[in-house]
Amino acid sequence: MSADAEFDPARAAPFLTTHSHNGWLGLTYRDHGADWVELALPWRADLVGEEEREVLASGPIVSLMDMASGLAIWTRTGKFTPIATLDLRVDYLRAAAPRGSVFGRATCYRTTRSAAFVHGIAHEGDMDDPVARIQGVFMSIATDPRSIPGG
Amino acid sequence: MAELTPYAKGLGITLAGIEGDVPILRVEFSDAVQGRPGALHGGALSGLLETAGYALLRGELERAGRATGMKPINLTVQFLASGKPRPTFARARIVKLGRRTASLSVEAWQDDPTRPIASAVMNVMVAAD
């Protein structure tokens with residue numbers, strides 16, 4: 001992506017969430033700000049963790065927050081560069097509602113030359129009553145930084 | 001071993017074997033677990049790690065004659081290397097099983113169990129006796 005084409009999550013998310021693991025999960029774009037992105041994880045019968053309770057498993061929520069984190073980093077930096085998750089912590093604050101969708105909002109609050117720091121919440125519509133909180137560190141996996149102008 | 005969750009089965013996670021009392025779980029590389037082209041998705045890898053943790057803990061609770069209700073408290077994953085397009089395995093270890101909580105350590109690898117591509121610690125609420 002050229003330097004004058006700023007990363008736009010609203011336009012990029014549909015391309016990044018319609019295939020592979022994110023596509024299998026059915027992640028969709030909801031909203032974004034200068035340093036945050038919110039995605040939706042629609043409820044689906046084959047994503048539950050306990051069949052009898054019809055509650056989304058914890059795994060899909062991790063994937064939701066991982067993807068929202070990546071988009072938040074690209075949104076804050078304005079550049080779509082390859083990144084890898086280094087460390088991701090998820091606190092499961094409560095179970096999601098049966099047959100309920102979950103929304104994941106991640107905020108990139110700090111970037112260095114090679115690292116990006118993210119926090120976020122997974123919620124069901126009320127940001128003050130989250131299902132989970134996350135904290136993550138991501139690393140740039142760009143090629144030799146000396147080859148990137150200004151890198 | 002108890003059935004895997006619908007989510008785990010959907011990802012393609014299967015039981016590869018049992019060493020001692022420890023289940024070894026496996027996931028094939030497929031579109032459902034792919035992140036960047038040709039690389040395993042970190043979220044799918046986290047799902048494999050958690051599934052391995054619950055599989056071991058459920059068996060341990062059963063062997064102890066305890067209720068098998070389990071609720072996640074938290075999970076921290078260290079991603080050590082990029083997952084290649086090949087089968088991935090995971091195995092957990094119970095660090096501490098208490099009356100109310102269990103602390104587990106889980107590792108995932110591809111070719112060589114001594115060279116993990118991810119390691120995780122997870123805390124789980126277990127039903128009291």
Side-chain angles (χ1 to χ4, degrees), chain A residues 16-27 39 41 43-70 80-96 104 131-139 141, chain B residues 2-13 25 27 29-55 58 68-83 85 90 106 117-125:
Chain A
L16 297 170
T17 57
T18 49
H19 61 272
S20 299
H21 183 64
N22 297 316
W24 177 75
L25 285 174
L27 300 184
L39 300 177
L41 170 63
W43 184 87
R44 212 170 72 207
D46 64 340
L47 294 182
V48 304
E50 297 171 67
E51 221 144 354
E52 61 277 19
R53 290 187 57 224
E54 300 192 314
V55 170
L56 282 173
S58 47
I61 293 175
V62 178
S63 296
L64 165 73
M65 299 312 298
D66 186 68
M67 186 62 203
S69 297
F80 182 51
T81 52
I83 51 170
T85 316
L86 183 70
D87 174 295
L88 187 62
R89 178 203 172 101
V90 185
D91 289 336
Y92 299 109
L93 305 177
R94 61 177 178 83
V131 169
R133 275 191 183 275
I134 68 112
Q135 171 74 47
V137 184
F138 294 72
M139 295 299 290
I141 53 168
Chain B
E3 283 245 317
L4 296 173
T5 62
Y7 160 73
K9 284 189 277 192
L11 270 188
I13 297 175
L25 298 193
V27 69
F29 190 82
S30 73
D31 198 52
V33 299
Q34 179 169 241
R36 288 191 313 280
L40 192 62
H41 191 289
L45 181 52
S46 304
L48 174 69
L49 290 162
E50 274 191 306
T51 302
Y54 287 120
R58 179 182 292 275
T68 56
M70 301 178 285
K71 274 195 251 175
I73 299 172
N74 62 16
L75 166 78
T76 305
V77 185
Q78 311 291 320
F79 297 92
L80 307 170
S82 171
V106 197
I117 62 166
S119 73
V121 289
M122 52 193 282
N123 289 293
V124 182
M125 196 80 76

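In the text below, chain A, chain B and the rest are named by the order of the sequence lines, each starting its count at 1. Since this is a predicted model, take the numbers as computed values, not measurements.
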If I take atom [atom1] from residue [X] and atom [atom2] from residue [Y], how far apart are they, to the nearest 0.5 angstrom?
X      : Y      : atom1 : atom2 : result
L11(B) : H21(A) : CG    : NE2   : 6.0 Å
Y92(A) : I73(B) : OH    : CD1   : 11.5 Å
D31(B) : H19(A) : CG    : NE2   : 8.0 Å
H41(B) : S63(A) : NE2   : OG    : 5.0 Å
I61(A) : L75(B) : CD1   : CG    : 12.0 Å

Output the option from [options] having the highest count of non-hydrogen pairs under 4.5 Å with chain B.
options                         : answer
T85(A), L25(A), I134(A)         : T85(A)
P60(A), G23(A), A132(A), A84(A) : P60(A)
V90(A), D91(A), D66(A)          : V90(A)

Problem set entry | Residue pair I141(A) / R36(B): nearest heavy atoms and the distance that separates them | CD1-CZ, 3.6 Å
For this session: Search all heavy atoms of A45(A) against all heavy atoms of P6(B) and return the closest pair with its distance.
Result: O-CB, 4.2 Å
For each of [options], tally heavy-atom pairs with chain A at distances under 4.5 Å, and name the one with the top tally.
options                        : result
G47(B), G43(B), A32(B)         : A32(B)
L80(B), L45(B), N74(B)         : N74(B)
S46(B), A39(B), A44(B), G42(B) : A44(B)

Exercise. Out of L86(A), L88(A), D87(A), which one pairs with F79(B) under the side chain to side chain contact (heavy atoms under 4.5 Å, CB included) rule?
Worked result: L88(A)
For this session: Can you tell which part of Q78(B) gets under 4.5 Å to a heavy atom of chain A, answering side chain, backbone, both or neither?
Result: both
Problem set entry | Flag if over 12 foreign heavy atoms under 6.0 Å of CZ, R133(A) | no
